[in-house]
Amino acid sequence: MSEDSARTKKIAIIGGDGIGPEVVAQGVRILDVFREQKGYPLELIHYDFGADRYLRDGVTFPEEAQRVIREECDAVLLGALGDPRVPGLEHARDILFGLRFGLDLYCNVRPVVCLSDRLMPLKNRTAADVNFTVFRENTEGIYVGMGGQFKRGTPDEVAINEDLNTRKGVERIIRAAFEFAKETGAKKVHMADKSNAMRHAHELWLRVFEEVGAEYPELERQHYYVDALCLYLIQDPTEFEVIVTCNLFGDIITDLAAGFQGGMGMAASGNIRPGAVSMFEPVHGSAPPIAGKDIANPLATVLSVGMMLTHLGYEGDEALLSGIVKDAVESGHVTRDVGGELGTKATGDWVVAELKKRLS
Ligand code: NAD
Ligand code: IPM
Ligand code: MN
């Protein structure tokens with residue numbers, strides 16, 4: 001074991017709202033198996049941040065927890081945030097953006113793989129036709145909250161959200177996408193923007209894509225307007241290997257792309273700052289209508305734990321977990337959303353049992 005893999009790693013666990021705690025509980029069981037059976041030195045720190053806590057005592061994401069995560073932790077496992085009892089979503093913004101912006105997690109990496117033909121929604125396509133990774137900018141864009149409302153509630157009301165794009169921010173996510181393409185042997189990088197309409201902000205994207213791309217002559221680069229890219233994704237997903245895009249378009253494209261994966265219950269993500277504490281979460285939200293019923297699919301969380309283990313320096317575990325998830329789908333040991341009859345916990349039981357078997 002290398003010195004770094006022997007060092008105790010601290011992982012903050014935030015279940016959050018709705019189905020978040022239910023799916024995260026299954027992710028924690030996976031980490032426990034690695035700790036117990038492979039001796040990984042993982043220390044979990046559980047936080048109860050979310051709507052319940054906020055409604056109880058007004059706490060969203062306290063400074064001390066932010067400090068612990070920033071200075072002591074190696075990773076965060078997050079469920080989801082969002083609760084109908086907090087319609088303004090102020091706690092969700094504090095926690096989710098507190099992590100993404102506060103830790104400067106500029107790469108929102110969302111792998112799009114279809115693990116089984118059983119999940120493929122397109123006719124005349126197989127699972128092998130879908131395998132690309134979206135690099136979503138995660139610290140800027142329309143998400144920064146700049147703007148405001150004026151004359152609210154009057155006929156002259158004005159509402160503004162600014163789309164903030166910096167040279168530094170655009171360049172680092174585009175570079176990360178090209179680096180990833182190079183490392184993984186991809187041939188092509190796509191960039192999606194809307195520079196025909198957003199001519200100031202997205203002209204920057206177009207220019208930086210050309211400039212940074214020119215440093216990688218071995219990689220083909222293709223720019224599409226985001227609306228056209230959505231069409232081409234459905235028409236021929238095999239064209240895509242790496243897609244880099246802004247915060248908002250990355251959000252939308254990856255829900256669309258979750259359709260290739262079997263739905264929201266199968267889509268994993270990492271909010272990554274290379275070499276630093278990073279956060280892993282399923283792409284889906286808190287799904288209030290199915291919360292508390294033991295029907296949420298925990299497999300996106302299991303796959304996100306796999307991404308976390310790679311980030312922590314443990315090689316091979318991500319592939320092991322994704323192999324188990326594939327087998328769960330193909331053998332029908334899954335929740336209803338992906339054609340099974342198991343509950344959240346029973347799906348977790350099956351994955352944990354398989355993992356224990358394969359590690360022994
Ligand atoms: P959602 O992802 O919660 O749900 C969309 C659809 O997918 C629903 O039909 C839901 O039932 C289904 N779904 C989601 N996860 C599932 C799972 N694990 N298993 C089975 N089905 C699943 O999106 P939404 O309904 O638009 O949002 C609900 C709340 O979650 C909102 O408050 C939203 O802001 C929040 N949200 C939070 C995050 C996050 O914390 N990262 C991400 C997305 C949405
Ligand atoms: C996601 C979510 C969030 C986003 C929401 C909850 C603000 O949809 O993680 O994809 O838009 O980033
Ligand atoms: Mn989203």
Side-chain angles (χ1 to χ4, degrees), residues 14-27 49-51 54 60-61 76-101 105-110 112 119 134-145 161 245-259 261-272 279-305 325 328-329 334-348 351:
I14 306 174
D17 300 330
I19 62 170
E22 298 173 53
V23 294
V24 161
Q26 303 314 313
F49 306 137
Y54 176 58
T60 58
F61 191 24
V76 181
L77 178 63
L78 181 78
L81 294 150
D83 186 299
R85 293 170 300 166
V86 189
L89 295 174
E90 49 275 18
H91 73 297
R93 266 195 306 276
D94 277 5
I95 301 166
L96 186 62
F97 298 158
L99 288 161
R100 289 182 183 169
F101 299 163
L105 307 177
Y106 64 93
C107 300
N108 194 329
V109 181
R110 296 184 161 187
V112 180
L119 302 177
V134 177
F135 273 67
R136 167 188 177 187
E137 202 294 316
N138 211 29
T139 55
E140 302 193 341
I142 206 93
Y143 280 74
V144 296
N161 271 102
T245 190
C246 66
N247 207 337
L248 180 64
F249 298 165
D251 178 47
I252 298 167
I253 289 170
T254 53
D255 264 37
L256 175 75
Q261 295 168 275
M264 298 309 293
M266 298 298 297
S269 81
N271 299 256
I272 295 172
M279 192 253 285
F280 298 82
E281 56 172 338
V283 171
H284 64 72
S286 54
I290 64 166
K293 297 181 175 161
D294 192 44
I295 56 176
N297 185 346
L299 296 177
T301 306
V302 171
L303 295 168
S304 303
V305 167
V325 169
V329 172
V334 283
T335 43
R336 287 186 225 163
D337 54 304
V338 277
E341 287 173 358
L342 296 186
T344 308
K345 193 169 166 306
T347 303
V351 173

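Ligands are counted one by one from 1 in listed order, and the atoms in each one are counted from 1 as well. Everything quoted here is computed from the prediction, not taken from an experiment.
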Heavy-atom side-chain contact between Val325 and Met266 under 4.5 Å: yes

So which bit of Ala92 gets within less than 4.0 Å of ligand 1, heavy atoms only: side chain, backbone, both or neither? neither

Check whether any side-chain heavy atom of Met264 lies under 4.5 Å from a side-chain heavy atom of Val283, and answer yes or no. yes

A side-chain contact here means heavy atoms from C-beta on lying under 4.5 Å apart; do Ile253 and Thr245 qualify? yes

Any idea which atoms of ligand 1 are less than 4.0 Å away from a heavy-atom of Ile19? 15 (N), 16 (C), 17 (C), 18 (N)

Test item: Asn271 and Val76 side chains (from C-beta on) under 4.5 Å apart, heavy atoms: no

Ala296 heavy atoms, cut-off 4.0 Å: which ligand 1 atoms fall inside? 19 (N)

Output, in order, the C-alpha distance, side-chain angles, deciding distance and verdict of side chain to side chain contact (heavy atoms under 4.5 Å, CB included) for Asn108 and Ser269. CA-CA 7 Å; Asn108 194 329; Ser269 81; 3.9 Å; yes

Can His91 and Asp17 be said to form a side-chain hydrogen bond (donor to acceptor under 3.5 Å, both in side chains), step by step? CA-CA 10 Å; His91 73 297; Asp17 300 330; 2.7 Å; yes

Of all protein heavy atoms, the one nearest atom 29 (C) of ligand 1 is Ser286 OG, 3.2 Å

Could you tell me whether ligand 1 has any atom less than 4.0 Å away from a heavy atom of Pro289? no

Test your reading of the model: is there a side-chain donor-acceptor pair from Arg93 to the backbone of Gly88, 3.5 Å cut-off? yes

Polar-atom distance check: Gly285 versus ligand 1, any N or O pair below 3.5 Å? yes

Students should be able to answer this: which protein heavy-atom is nearest to atom 6 (C) of ligand 2, and at what distance? Leu96 CD2, 3.9 Å

With a 4.5 Å limit on heavy-atom distance, are the side chains of Thr301 and Phe280 in contact? no

Close-contact set for ligand 2 against Arg110 heavy atoms, below 4.0 Å: 1 (C), 9 (O), 10 (O)

Counting only nitrogen or oxygen atoms and a 3.5 angstrom limit, does Leu81 reach ligand 1? yes

Look at atom 9 (O) of ligand 1 and say whether a protein heavy atom is found at less than 4.0 angstrom from it. no

min-distance protein heavy atom vs atom 7 (O) of ligand 1 -> Met264 CG, 3.5 Å

Proximal ligand 2 atoms for Phe97, defined as those under 4.0 Å from one of its heavy atoms: 7 (C)

Would you say atom 18 (N) of ligand 1 makes contact with the protein, given that contact here means a non-hydrogen protein atom less than 4.0 Å away? yes

Kindly say whether Asn247 contributes a backbone atom to a donor-acceptor pair with the side chain of Arg136 at under 3.5 angstrom? yes

Enumerated ligand 1 atoms positioned under 4.0 Å from heavy atoms of Gly82: 32 (O)

Looking at side-chain heavy atoms only, is the closest gap between Thr60 and Phe49 below 4.5 Å? no

Is there a protein heavy atom less than 4.0 Å away from atom 36 (N) of ligand 1? yes

For Thr335 and Leu299, run side chain to side chain contact (heavy atoms under 4.5 Å, CB included): C-alpha distance rounded to whole Å, both residues' side-chain angles, the deciding distance at 0.1 Å, then the answer. CA-CA 9 Å; Thr335 43; Leu299 296 177; 6.0 Å; no

Under 2.8 Å from the Mn ion (ligand 3), is there an N/O/S atom belonging to Asp255? no

Measure the distance from atom 34 (O) of ligand 1 to every protein heavy atom, then report the residue, atom name and distance (to 0.1 Å) of the closest one. Leu89 CD1, 4.0 Å

For ligand 1, note which part of Asp337 has a heavy atom under 4.0 Å away: side chain, backbone, both or neither. side chain

Backbone of Gly50 reached by a side-chain donor or acceptor of Asp83 within 3.5 Å: no

Check whether any N or O atom of Arg136, backbone or side chain, sits under 3.5 Å from an N or O atom of ligand 2, and answer yes or no. yes

Is the shortest distance from a heavy atom of Ala300 to ligand 1 less than 4.0 Å? no

Nearest 0.5 angstrom please: Leu96 CG to Glu281 CD, how far? 5.5 Å

Begin with the C-alpha distance, continue with both residues' side-chain angles, and end with the deciding distance and a verdict on side-chain hydrogen bond (donor to acceptor under 3.5 Å, both in side chains) for Tyr143 and Asp251. CA-CA 11 Å; Tyr143 280 74; Asp251 178 47; 3.3 Å; yes

Contact check, side chains of Glu137 and Thr139, non-hydrogen atoms, under 4.5 Å: yes

Hey, is atom 26 (O) of ligand 1 under 4.0 Å from any protein heavy atom? no

Is Glu90 reaching over with its side chain to a backbone N or O of Ala92, donor-acceptor style, under 3.5 angstrom? no

Check each heavy atom of Val283 against ligand 1 and say whether those closer than 4.0 Å belong to the side chain, the backbone, both or neither. backbone

Report yes if some N/O of Ala287 lies less than 3.5 Å from some N/O of ligand 1; otherwise report no. yes

Nearest heavy-atom neighbours spanning Ala80 and Ser286: CB-N, 3.5 Å

Could you list which atoms of ligand 1 come closer than 4.0 Å to a heavy atom of Gly265? 17 (C), 18 (N)

Determine, counting only non-hydrogen atoms of the protein, whether one lies under 4.0 angstrom from atom 2 (O) of ligand 1. yes

Do Leu105 and Ile272 come close enough that some side-chain heavy atom pair is under 4.5 Å? no

Arg100: heavy atom below 4.0 Å from ligand 2, yes or no? yes

Is Met264 near ligand 2, meaning one of its heavy atoms is under 4.0 Å from it? no

With distance as the sole test, does Thr344 use its side chain to make a donor-acceptor pair with the main-chain N or O of Ile295 at under 3.5 Å? yes

Any N or O of Asp83 that comes nearer than 3.5 Å to an N or O of ligand 1? no

Can you name the atoms of ligand 1, numbered from 1 with element, that are less than 4.0 Å from a heavy atom of Glu281? 41 (N)

Just to check, does Pro288 reach to within less than 4.0 Å of ligand 1 when the distance is taken from its heavy atoms? yes

Before giving the answer on side chain to side chain contact (heavy atoms under 4.5 Å, CB included), spell out for Ile14 and Leu77 the whole-Å C-alpha distance, their side-chain angles and the decisive distance to 0.1 Å. CA-CA 6 Å; Ile14 306 174; Leu77 178 63; over 6 Å; no

Which of the numbered atoms in ligand 1 are under 4.0 angstrom from any heavy atom belonging to Ile290? 11 (O), 20 (C), 21 (N), 22 (C)

As an exercise, identify every atom of ligand 1 less than 4.0 angstrom from a heavy atom of Ala80. 40 (O)

Closest non-hydrogen protein atom to atom 2 (C) of ligand 2, residue and atom name please, with distance? Asp251 OD1, 3.9 Å

Looking only at protein heavy atoms, which one is nearest to atom 11 (O) of ligand 2, and what is the separation? Tyr143 OH, 2.5 Å

What's the atom name of the N, O or S in Asp251 nearest to the Mn ion (ligand 3)? OD1

